[in-house]
Asks: 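After the structure tokens below, expect a handful of questions from me.
We count ligands from 1, going down the list as the structure has it; atoms in each ligand are counted the same way. Treat the numbers as computed from the prediction; the structure is a model and nothing was measured.
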Amino acid sequence: MDIHSLPMHRIHDLLESRQIGAVETVLAFLERISSIDPEVNAYLATFGEKATEEAKLFDSGARQFSASPIAGTPIAIKDVICMRGTSTTCGSRILQGFVSPYDATVTEKLRRAGSIFLGKTNLDEFAMGSSTENSAYLKTRNPWDIGRVPGGSSGGSAAAVAAGLCAGALGTDTGGSIRQPSSFCGVVGLKPTYGRVSRFGLVAFASSLDQIGPITRDVEDAALLLQAIAGYDPADSTSVDLPVPDYRAGLKQPIEGLRLGIPRQYFIEGTHPEVEKAVREAIATCKNLGATIVDISLPHTEYGIAAYYIIAPAEASSNLARYDGVKYGHRAQNSADLMDMYRKSRSEGFGSEVKRRIMLGTYVLSAGYYEAYYKKASQVRTLIGRDFLEAFEKCDAIVAPVSPIPAFRLGEKSEDPLQMYLSDVFTLPASLAGIPGISVPCGFTSENLPIGLQILGPHFREDLVLRIANQFEQATDFHLKNPEVKGGGKCK
Ligand code: GLN
């Protein structure tokens, strides 16, 4: 049996009924990582020994598979989330060698739920990017075509799930970094509502936007992984104290009678024709499932990119001020004085995209420019949020493409940051509004590249987004296709 091609809930069933062992499962994934990851480059670090030790506890009965619906299943964590005693690099030289002294709340919750951690996955440096090419360490490749990017910034997590190098993973989404790589890699990725999941122990990029969420093989797994990490956390003042529903229980409900809004601003010139076709077909599928399709307008969509690329760098410039070579992280040698040490440490430690964001952010916050840029962007953000609130009076959820284009070639956009920013056009508005969104596979291009369908819901309606995604997934078979990765044979 090919364990690595199964979703977490199936692996859990097999573990619980003792048809497979936990150690056997971990070893199957580790073996696959050693044969295939040199091709994909999804992992920055793996914890083979520790994972096997954990698995032994389950096989011996010291830990119970009944602890949670995901207990005993091996997962991967984006390397921007802290895990006690392991390195957290954020894909940056500045944090090379940094060992996290504590667990993020999500890591701790998953530990309690019985997750087995296989390793930490690659990302764009400090999660800034849309291709994972901004990592200081590795260029992750798309398992569907290793000449292409996996998307970003959670490209390592998405590629690892797609290639069967873990059963599920955590990513983070500030402006699309869970949804876009999930769509590029043909897996499911959910960005929760801002405040649904604790950010304690997540290294901050843009604190008013960052959220942690699941990247999985199917929607049921996304529901289970979200269940395990969601909820109020006194250690994160922006997490919200609202009850967490039973996400899996809600999946089975039909979508008949639901009103799905199609925003006209998400079907624009420049979108790849095969992407538009797949999304339109997906909308037809939802209609066949009994949903009512309504045209809606999100009039401020076109300002999303400008507003986001002011607000996110502004917050980043402040958040990244802490990397000065004093308390932790990279410190330059042979500095003349303290200022020289700061300057050299930061010059050597940060890559060019991070430096670009720090400069942009510092500029838009500086005296005289604050009103013209940061304040204006914040006002636009309010308008974008209002667009969604008004839309949700006419529809229950919104359906749209995730990205105007499928996975692009490595190097194709890395020399042109603006082109890279523009490709985030359909994911940024939901981030600015703080609403939940999912990417679910909805087709392939003629070059066999996956296409994702984006489903957005009102604040804290992850249950609704998951339910629509699940009904769509169950009516289609795109999520059942697997890529073939050279080096390890067929991912099947
Ligand atoms: N691509 C966007 C950026 O570069 C979003 C990144 C993210 O969501 N972390 O900022």
Asks: Checking the N or O distance criterion of under 3.5 Å, is ligand 1 in contact with Asp173?
Replies: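 It does not: no N or O of Asp173 is found under 3.5 Å from an N or O of ligand 1.
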Asks: Does ligand 1 have an atom that lies less than 4.0 angstrom from a heavy atom of Gln180?
Replies: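 Under 4.0 Å: no for Gln180.
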Asks: So which heavy atom in the protein is nearest atom 10 (O) of ligand 1, and how far is it from that ligand atom?
Replies: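 Looking only at protein heavy atoms, the one closest to atom 10 (O) of ligand 1 is Tyr308 OH, 2.6 Å.
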Asks: Distance only, no hydrogens: is a donor on one side chain within 3.5 Å (strictly under) of an acceptor on the other, for Asp233 and Ser198?
Replies: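 Looking only at side-chain atoms, Ser198 and Asp233 do form a donor-acceptor pair, the distance falling under 3.5 Å.
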Asks: Under 4.0 Å from a heavy atom of Gly175: give me the atoms of ligand 1 that qualify, with their elements.
Replies: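 Within the 4.0 Å cut-off of Gly175, ligand 1 contributes 5 (C), 7 (C), 8 (O).
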Asks: Just how far is it from atom OG of Ser154 to atom NZ of Lys191, taken to the nearest 0.5 Å?
Replies: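 Ser154 OG to Lys191 NZ: 12.5 Å, rounded to 0.5 Å.
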Asks: Checking side chain to side chain contact (heavy atoms under 4.5 Å, CB included) against Ser177, which of Ser182, Ser157, Ser153 comes through?
Replies: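 That would be Ser153; it is the only one of Ser182, Ser157, Ser153 passing the side chain to side chain contact (heavy atoms under 4.5 Å, CB included) with Ser177.
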Asks: Walk me through it: do Phe117 and Phe47 pass the test ring pair (Phe, Tyr, Trp, His ring centres under 6.0 Å)?
Replies: CA-CA 7 Å; Phe117 301 114; Phe47 315 132; 7.9 Å; no
Asks: Would the distance check show the side chain of Arg32 and the main-chain N or O of His4 forming a donor-acceptor pair, the cut-off being under 3.5 Å?
Replies: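 Not at all, since once roles are kept as given, no pair shorter than 3.5 Å links the two residues.
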Asks: Considering distance alone, does some N or O of Ala127 sit under 3.5 Å from an N or O of ligand 1?
Replies: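 Yes, there is a polar N/O contact under 3.5 Å.
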Asks: What's the shortest distance from atom 6 (C) of ligand 1 to any protein heavy atom, and which residue and atom give it?
Replies: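 For atom 6 (C) of ligand 1, the nearest protein heavy atom is Ser177 OG, 2.9 Å.
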Asks: Polar-atom distance check: Thr172 versus ligand 1, any N or O pair below 3.5 Å?
Replies: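 Looking only at distances, the answer is no, because the N/O contact criterion of under 3.5 Å is not met.
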Asks: Please report which non-hydrogen protein atom sits nearest to atom 2 (C) of ligand 1, along with the residue it belongs to and the distance in Å to one decimal place.
Replies: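 Atom 2 (C) of ligand 1 sits closest to the protein heavy atom Asp424 OD2, 3.2 Å.
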Asks: Identify, for atom 3 (C) of ligand 1, the protein heavy atom at the shortest distance, and state residue, atom and that distance.
Replies: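 Its nearest protein heavy-atom neighbour is Tyr309 OH, 3.2 Å.
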Asks: When you measure from the heavy atoms of Tyr421 to every atom of ligand 1, does any distance fall below 4.0 Å?
Replies: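 No; Tyr421 lies far enough from ligand 1 that no heavy-atom distance drops under 4.0 Å.
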Asks: Any N or O on Gly176 sitting closer than 3.5 Å to an N or O of ligand 1?
Replies: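 In this structure, Gly176 places an N or O atom under 3.5 Å from an N or O of ligand 1.
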Asks: May I ask you to identify, for Ser153, whether its side chain, its backbone, both or neither come under 4.0 Å of ligand 1 on a heavy-atom basis?
Replies: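 Under 4.0 Å from ligand 1, Ser153 contributes side-chain atoms alone.
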Asks: Working to the nearest 0.5 Å, report the span between CZ of Phe472 and SG of Cys286.
Replies: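 So the CZ of Phe472 and the SG of Cys286 are separated by 6.0 Å.
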Asks: For Thr86 and Lys120: C-alpha separation, side-chain torsions, deciding distance, then whether side-chain contact (heavy atoms from CB on, under 4.5 Å) applies.
Replies: CA-CA 9 Å; Thr86 69; Lys120 306 287 292 285; 4.1 Å; yes
Asks: Could you tell me whether the side chain of Asp37 and the main chain of Ala42 form a donor-acceptor pair under 3.5 Å?
Replies: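 Yes: the side chain of Asp37 pairs with the backbone of Ala42.
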Asks: Backbone N or O of Thr301 within a donor-acceptor pair of the Gln265 side chain at under 3.5 Å?
Replies: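 No: the side chain of Gln265 does not pair with the backbone of Thr301.
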Asks: Any heavy atom of Ala312 sitting closer than 4.0 Å to ligand 1?
Replies: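 So Ala312 does not count as touching ligand 1.
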Asks: For ligand 1, which atoms sit closer than 4.0 Å to a heavy atom of Met128?
Replies: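 Close to Met128: 4 (O).
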Asks: Could you tell me whether Thr174 approaches ligand 1 through its side chain, its backbone, both or neither, with non-hydrogen atoms closer than 4.0 Å?
Replies: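 Both the backbone and the side chain of Thr174 come within reach of ligand 1.
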Asks: Mark up the atoms of ligand 1 that fall under 4.0 Å of a heavy atom belonging to Phe205, in ascending order.
Replies: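 Matching atoms, with element in brackets: 9 (N), 10 (O).
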Asks: First locate atom CG of Leu170, then atom OG1 of Thr107, and finally report the distance between them rounded to the nearest 0.5 Å.
Replies: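 Rounded to the nearest 0.5 Å, the CG-OG1 separation comes out at 7.5 Å.
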Asks: Are Phe98 and Tyr323, when compared by the centres of their aromatic rings, separated by less than 6.0 Å?
Replies: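 Ring centroids of Phe98 and Tyr323 are no less than 6.0 Å from each other.
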Asks: Of the side chain and backbone of Arg357, name the one, both, or neither that has a heavy atom under 4.0 Å from an atom of ligand 1.
Replies: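 Side chain only.
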Asks: Does Gly129 reach ligand 1 with a nitrogen or oxygen that is under 3.5 Å from one of the ligand's nitrogen or oxygen atoms?
Replies: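 Indeed, backbone or side chain, Gly129 has an N or O that close.
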